[in-house]
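Convention: sequence-line order gives letters A, B, ...; per-chain numbering from 1.
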Number of protein chains: 2
Amino acid sequence: MIYSSELIKGTLKTIVMKLLEDNKRMYGYEITQRVKELTFDKIQITEGALYPTLHALEADGLVTTELEYNGKRARKYYSLSKEGKAKTKEKVSELADFMNTMKFLLDIQTLPA
Amino acid sequence: MIYSSELIKGTLKTIVMKLLEDNKRMYGYEITQRVKELTFDKIQITEGALYPTLHALEADGLVTTELEYNGKRARKYYSLSKEGKAKTKEKVSELADFMNTMKFLLDIQTLPA
DNA sequence: GCAAATACATAATATTCTTATGTATGTTTG
DNA sequence: CAAACATACATAAGAATATTATGTATTTGC
């Protein structure tokens with residue numbers, strides 16, 4: 001089962017930022033694979049969604065980038081800026097709050113923490 | 001605090017359907033007020049978002065409508081069709097699953113059920 | 001050596017929301 | 001009693017963000 005794409009909308013940026021918070025630095029393709037792995041294939045981030053998102057984070061000064069070569073193969077590593085770290089905490093906290101509200105609204109049982 | 005609008009994206013349809021499941025029939029304006037009330041003003045559905053959503057549900061055969069007059073004031077009541085009821089269960093269940101995945105992915109603590 | 005995986009990127013399109021606008025009725029309050 | 005506010009519907013222009021398709025190039029596995 002893969003979640004219908006509309007559910008991902010609005011959470012992609014937060015997912016990416018949280019991964020960067022946990023892993024210090026990651027490159028794009030790595031992010032898609034990590035999310036796939038961590039969600040048992042239920043969330044599959046497409047490249048057409050990810051790269052524009054990463055570029056937007058960079059344009060907003062929330063991440064910095066370093067281009068590195070592994071042989072001839074280029075990898076663009078992303079790291080949270082100071083501002084990005086603060087923003088990540090905000091975003092994750094807002095999402096947690098939102099999820100509690102949705103639980104209440106939809107009378108949903110989630111797994112215990 | 002009002003949630004940044006991007007969070008609502010993708011969940012609006014499910015929220016509306018769940019409310020209709022719980023309340024048998026509701027009209028548009030009532031839905032906006034009920035959501036506002038149930039979420040302590042944190043989620044405010046705009047009319048520009050709600051009405052197109054309701055029309056889409058109707059076009060998909062998931063709801064039926066009845067136009068009623070309260071004096072000269074028209075109200076359009078929405079009810080889930082049989083197909084809509086089944087779809088609502090699917091949607092709510094998928095969202096619950098998604099929220100568990102997000103909890104895990106973001107290492108979020110939600111309130112106990 | 002060919003297919004699949006890795007790794008980046010962008011463009012056209014679709015979806016779905018915000019913001020703005022429009023119409024009209026009913027209620028409250030100074 | 002007029003004005004402001006609330007109720008109630010609706011649509012259109014624009015913004016944001018995803019999908020799908022496409023492109024380029026390198027590396028790995030069989």
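- The CD atom of B:Glu68 sits 14 Å away from the C1' atom of D:dA8 (whole-angstrom rounding).
- In this structure, CG of B:Asn70 is placed 14 Å from C1' of D:dA6, rounded to the nearest angstrom.
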Handout entry: Contact pattern, 5' to 3', of nucleotides 12-25 of chain D - B, S or - by protein heavy atom under 4.0 Å
Key = -----SSBB-----
Expected list for residues 10-20 of chain B: side-chain donor-acceptor pairs under 3.5 angstrom, two or more places apart:
| residue | atom | partner | partner atom | Å |
| --- | --- | --- | --- | --- |
| B:Thr11 | OG1 | B:Ile8 | O | 2.6 |

Determine all donor-acceptor pairs shorter than 3.5 Å in which one atom belongs to a side chain in residues 47-62 of chain B; sequence neighbours excluded.
| residue | atom | partner | partner atom | Å |
| --- | --- | --- | --- | --- |
| B:Thr53 | OG1 | B:Ala49 | O | 2.8 |
| B:His55 | ND1 | B:Tyr51 | O | 3.4 |
| B:Glu58 | OE2 | B:Thr65 | OG1 | 3.1 |

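- With rounding to the nearest 0.5 angstrom, the CD atom of A:Glu21 is 5.5 Å from the OG1 atom of A:Thr88.
- Rounded to an integer number of Å, the gap from B:Ile15 CD1 to C:dT16 P is 14 Å.
- Checking side-chain atoms of A:Tyr3 against main-chain N and O of A:Gln44 turns up no donor-acceptor pair under 3.5 Å.
- With sequence neighbours excluded, no residue satisfies salt bridge (Lys or Arg N to Asp or Glu O under 4.0 Å) with B:Lys85.
- Ionic pairing of A:Glu66 and A:Arg25 is present here: one or more N-O contacts between side-chain nitrogen and carboxylate oxygen are shorter than 4.0 angstrom.
- The interatomic distance linking A:Tyr27 (OH) with C:dA9 (P) rounds to 14 Å, in whole Å.
- Atom-to-atom, CG of B:Leu7 to P of C:dT16 comes out at 17 Å; the value is rounded to the nearest Å.
- D:dT11 atom P lies 11 Å from atom OH of B:Tyr51, rounded to whole Å.
- Near DNA chain C, defined here as any heavy-atom distance below 4.0 Å, there are no residues from residues 17-24 of chain B.
- Two residues are said to be in side-chain contact when any heavy atoms from C-beta on lie closer than 4.5 Å; B:Phe98 and A:Ile43 meet this criterion.
- Looking at residues 30-41 of chain B, you'll see that no heavy atom sits under 4.0 Å from any atom of DNA chain D.
- A straight line from CG of A:Leu54 to P of C:dA9 spans 8 Å, rounded to a whole angstrom.
- A:Glu30 contributes a side-chain N or O that, together with a main-chain N or O of A:Tyr27, makes up a donor-acceptor pair within less than 3.5 Å.
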Problem - Step-by-step side-chain contact (heavy atoms from CB on, under 4.5 Å) determination, A:Met102 to A:Phe104 - result: CA-CA 5 Å; A:Met102 289 297 287; A:Phe104 174 67; over 6 Å; no
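- Side-chain contact check for A:Arg34 versus A:Asn23: some heavy-atom pair is nearer than 4.5 Å.
- For D:dT11, the OP1/OP2 oxygens have a side-chain nitrogen or oxygen of B:His55 closer than 4.0 Å.
- When the C1' atom of C:dA24 is taken as reference, atom OH of B:Tyr69 falls 11 Å away, rounded to whole Å.
- The residue among A:Lys72 and B:Lys76 whose nearest nucleotide of DNA chain D lies closer to the 5′ end is B:Lys76.
- The structure places CE of B:Met26 at 9.0 Å from OG1 of B:Thr32, a figure rounded to the nearest 0.5 Å.
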